[in-house]
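Below you'll find the structure, written out as structure tokens, and then a few comments.
The first residue of the sequence shown is numbered 1, and numbering continues consecutively from there.
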Amino acid sequence: MLQDFWRGGGLIIWIVLISSTNFASCEIRNAKCVRAPEAGILFTSDNFPGKYLKDTNCTYTMTAKEGSRVQLTFFVFDTEANPRCSYDVATVFDSNGTIIHKYCGKNTKNLQVISSEEDLSFNFKTDSVQESMGFLASWREVQDSKKEPDTEGKYL
């Protein structure tokens, strides 16, 4: 299963076979890269597993069917790290456009995000100084489940 693909802390040897139909489509809008990867297909930053390009600015958009949500998983994530994620960063946006996560540095386990509605996007932006491996990710549709309110530790 894709969720079990990456579990940091050990030597993992893997081969990713990519056919031309598995690449996320790339469209340039006003000199900005926009990609719409298919659900269930692995997608990566440019040059993965080699170093990603300097001065990258690419937005990845994912849309689930009405009534479903997007579950995005980063199996590998390796960028230039700093406490404010201000150099090389993946900024994740929820359906309404609000920032819900900023990722930078190196993961030791899968990073997972679920949208509140049908849409999720993230912008992968890098500076011109230091490059790393980038990311390997996939997304899938999940059913919109109504959560029971968490009342533990709260007064009712």
Could you grab the distance from atom [atom1] of [X] to atom [atom2] of [Y], nearest 0.5 Å is fine?
X      : Y      : atom1 : atom2 : answer
Arg140 : Ser68  : CZ    : OG    : 11.0 Å
Arg35  : Thr59  : CZ    : OG1   : 10.5 Å
Thr63  : Glu117 : OG1   : CD    : 12.0 Å
Glu141 : Ser115 : CD    : OG    : 9.5 Å
Cys104 : Lys125 : SG    : NZ    : 14.5 Å
Gln143 : Gln71  : CD    : CD    : 12.0 Å

Strictly distance-based, threshold 3.5 Å: is any side-chain N or O of [X] a donor or acceptor partner for the main-chain N or O of [Y]?
X      : Y      : answer
Thr126 : Thr56  : yes
Ser95  : Asp119 : yes
Asp78  : Ser132 : no
Thr73  : Phe75  : no

Any side-chain heavy-atom pair from [X] and [Y] closer than 4.5 angstrom?
X      : Y      : value
Leu53  : Asn47  : yes
Asn57  : Asn123 : yes
Gln112 : Asn110 : no

Hydrophobic clusters here meaning ILVMFWY residues chained together by side-chain heavy-atom distances under 4.5 Å, can you tell me if [X] and [Y] are in one?
X      : Y      : answer
Tyr52  : Leu111 : yes
Leu136 : Met133 : yes
Phe124 : Tyr103 : yes

Apart from Ile99 itself, which Ile, Leu, Val, Met, Phe, Trp or Tyr residues share its cluster (side-chain heavy atoms under 4.5 Å, direct or through members)?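 When side chains under 4.5 Å apart are linked, the cluster holding Ile99 also contains Phe93.
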Looking at every non-hydrogen atom in both residues, tell me the closest pair between [X] and [Y] and how far apart they are.
X      : Y      : result
Gly134 : Ser45  : CA-OG, 3.3 Å
Leu42  : Ser138 : CD2-CB, 4.1 Å
Met62  : Pro37  : CG-CG, 4.3 Å
Lys65  : Glu118 : O-CG, 3.3 Å
Asp88  : Thr79  : O-OG1, 3.3 Å
Gln130 : Glu80  : O-OE1, 3.5 Å

Can you list everything that forms a ring-ring contact (aromatic ring centres under 6.0 Å, His included) with Phe122? Sequence neighbours excluded, please.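 Expected list: Tyr60, Phe74, Phe135.
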Taking side chain to side chain contact (heavy atoms under 4.5 Å, CB included) as the test, write out the residues that go with Ile100, two or more places apart.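 Ile100: side chain to side chain contact (heavy atoms under 4.5 Å, CB included) contacts with Val92, Asp94, Thr98, Val113, Leu120.
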